[in-house]
Amino acid sequence: AAKIFEILERAHAVSKRPIGPVWTLSDIETECFEGRGIIGETSNDVVAFILYRDVGEALEVTFLATAPNAQRQGWMVRLLKEFKALKTPEKALWLEVHAENVPARSLYEKQGFVKVGERPGYYRDGGTAVLYNYG
């Protein structure tokens, strides 16, 4: 949880675009305990992650990020492939992203996620959440 929190803190500090809600260390600890995760690491250092929950009919991403110094190195592509491998006929895969986070949206669409809806005014900054489904 501490490594994930550190990645989120760094991502929020350097991002020039909206990247979603601000999570506390306590939030992340709860998510790590109650949810599931896929971790990308090198030399015992976490560089990317996907946290998700099984919500019955779907596996829903609660948060994902790549450390700023590890971006554009294929980490999230690898983790999304692992996440997509969890797909079963009875389970959909869901994620959401801030509408203004164009690089993330492009990545998800290249990985086969399809835009299925929007939640206007969802984020604290008033931004719209774009909903994606896989399979």
Side-chain angles (χ1 to χ4, degrees):
K3 291 281 189 179
I4 289 171
F5 181 72
E6 181 183 324
I7 289 171
L8 290 175
E9 288 287 290
R10 287 187 290 163
H12 278 284
V14 301
S15 181
K16 293 177 176 55
R17 61 191 169 275
I19 57 174
V22 177
W23 285 45
T24 66
L25 178 56
S26 177
D27 294 334
I28 294 167
E29 289 171 342
T30 298
E31 199 60 34
C32 288
F33 180 74
E34 294 178 3
R36 299 175 184 177
I38 302 170
I39 305 295
E41 59 186 329
T42 178
S43 303
N44 296 322
D45 191 23
V46 175
V47 294
F49 67 90
I50 297 175
L51 298 179
Y52 66 96
R53 288 191 180 223
D54 186 331
V55 294
E57 70 284 349
L59 299 178
E60 183 175 1
V61 171
T62 52
F63 211 89
L64 68 157
T66 303
N69 63 326
Q71 290 179 352
R72 303 210 181 278
Q73 296 176 20
W75 284 103
M76 194 52 65
V77 170
R78 288 190 289 269
L79 297 186
L80 285 169
K81 285 181 181 177
E82 286 186 46
F83 182 63
K84 292 185 310 185
L86 300 173
K87 171 84 175 93
T88 62
E90 62 276 355
K91 295 266 188 209
L93 303 181
W94 292 90
L95 60 82
E96 69 182 41
V97 62
H98 197 292
E100 294 179 27
N101 192 339
V102 175
R105 292 180 63 190
S106 176
L107 172 67
Y108 305 147
E109 290 167 10
K110 286 178 184 172
Q111 293 301 308
F113 286 84
V114 176
K115 178 182 170 183
V116 294
E118 294 184 349
R119 292 182 181 146
Y122 182 77
Y123 291 110
R124 185 180 303 173
D125 67 356
T128 295
V130 179
L131 309 174
Y132 284 93
N133 175 272
Y134 179 81

- Query: For the residue pair Tyr52 and Gly37, what are the closest heavy atoms and their distance?
  - Reply: CE2-N, 3.9 Å
- Query: With distance as the sole test, does Arg119 use its side chain to make a donor-acceptor pair with the main-chain N or O of Leu131 at under 3.5 Å?
  - Reply: no
- Taking all atoms of both residues into account, what is the closest heavy-atom pair of Gln111 and Lys84, and its distance? O-NZ, 2.8 Å
- Is it true that Arg53 and Glu31 make a salt bridge, defined as a side-chain N closer than 4.0 Å to a carboxylate O? yes
- Connected hydrophobic set around Val47, excluding itself, where side chains approach under 4.5 Å: Trp75
- Message: In this structure, would Val46 and Ile38 fall into the same cluster of hydrophobic residues linked by side-chain contacts under 4.5 Å?
- Response: no
- With a 4.5 Å heavy-atom cut-off, do Val77 and Lys110 have their side chains touching? no
- Under 3.5 Å donor-acceptor, Ser106 side chain and Val102 backbone: no
- Query: If you group Ile, Leu, Val, Met, Phe, Trp and Tyr by side-chain heavy-atom gaps below 4.5 Å, do Ile50 and Ile28 land in one group?
  - Reply: no
- Decide side chain to side chain contact (heavy atoms under 4.5 Å, CB included) for Thr24 and Asp27; before the verdict, give the C-alpha distance in whole Å, the side-chain angles of both, and the deciding distance to 0.1 Å. CA-CA 5 Å; Thr24 66; Asp27 294 334; 3.1 Å; yes
- Taken to the nearest 0.5 Å, the spacing of Leu64 CG from Leu51 CG works out to 8.5 Å
- Message: Hydrophobic cluster membership, with links at side-chain heavy-atom distances under 4.5 Å among I/L/V/M/F/W/Y: are Phe83 and Ile4 in one?
- Response: no
- Task: In sequence, state the C-alpha distance, the side-chain angles, and the governing distance for Val130 and Tyr108, and then conclude on side chain to side chain contact (heavy atoms under 4.5 Å, CB included).
- Result: CA-CA 11 Å; Val130 179; Tyr108 305 147; over 6 Å; no
- Query: If you take all heavy atoms of Lys87 and Gly135, which pair is closest and at what distance?
  - Reply: CE-O, 3.3 Å
- Task: Tell me, with the steps shown, if Thr66 and Gln73 meet side chain to side chain contact (heavy atoms under 4.5 Å, CB included).
- Result: CA-CA 10 Å; Thr66 303; Gln73 296 176 20; over 6 Å; no
- Arg36 vs Leu86 side-chain heavy atoms within contact, under 4.5 Å: no
- Note on the structure: For Ala48 and Met76, the nearest pair of non-hydrogen atoms, with its separation, is CB-CE, 4.4 Å
- Query: If we ignore angles and hydrogens, is there a donor and acceptor under 3.5 Å between the side chains of Thr42 and Asp45?
  - Reply: no
- Message: Which label fits Tyr134 and Phe113: parallel for a plane angle under 30°, tilted from 30 to 60°, or perpendicular past 60°?
- Response: tilted
- Message: Using side chain to side chain contact (heavy atoms under 4.5 Å, CB included), reason through Glu100 and Asp125 one step at a time and then give a plain yes or no.
- Response: CA-CA 11 Å; Glu100 294 179 27; Asp125 67 356; 5.6 Å; no
- Which atom names give the shortest non-hydrogen contact between Glu29 and Ala1, and what distance separates them? CG-CB, 3.6 Å
- Query: With side chains defined as the heavy atoms from C-beta onward, is the minimum distance between Pro103 and Asn101 less than 4.5 Å?
  - Reply: yes
- Separation of Asn133 CG from Lys115 NZ (nearest 0.5 Å): 14.0 Å
- Message: According to a hydrophobic-cluster definition based on side-chain heavy atoms being under 4.5 Å apart (Ile, Leu, Val, Met, Phe, Trp, Tyr only), do Val61 and Phe49 belong together?
- Response: no
- Item | Lys81 atom NZ: more than 12 heavy-atom contacts under 6.0 Å | no
- Between Arg10 and Ala67 the two heavy atoms that sit nearest each other are NH2-CB, 3.5 Å
- Query: Just how far is it from atom CG of Leu93 to atom CG of Leu80, taken to the nearest 0.5 Å?
  - Reply: 10.0 Å
- Message: Side-chain heavy atoms nearer than 4.5 Å, only ILVMFWY residues, links allowed to pass through others: does that put Leu59 and Leu107 together?
- Response: yes
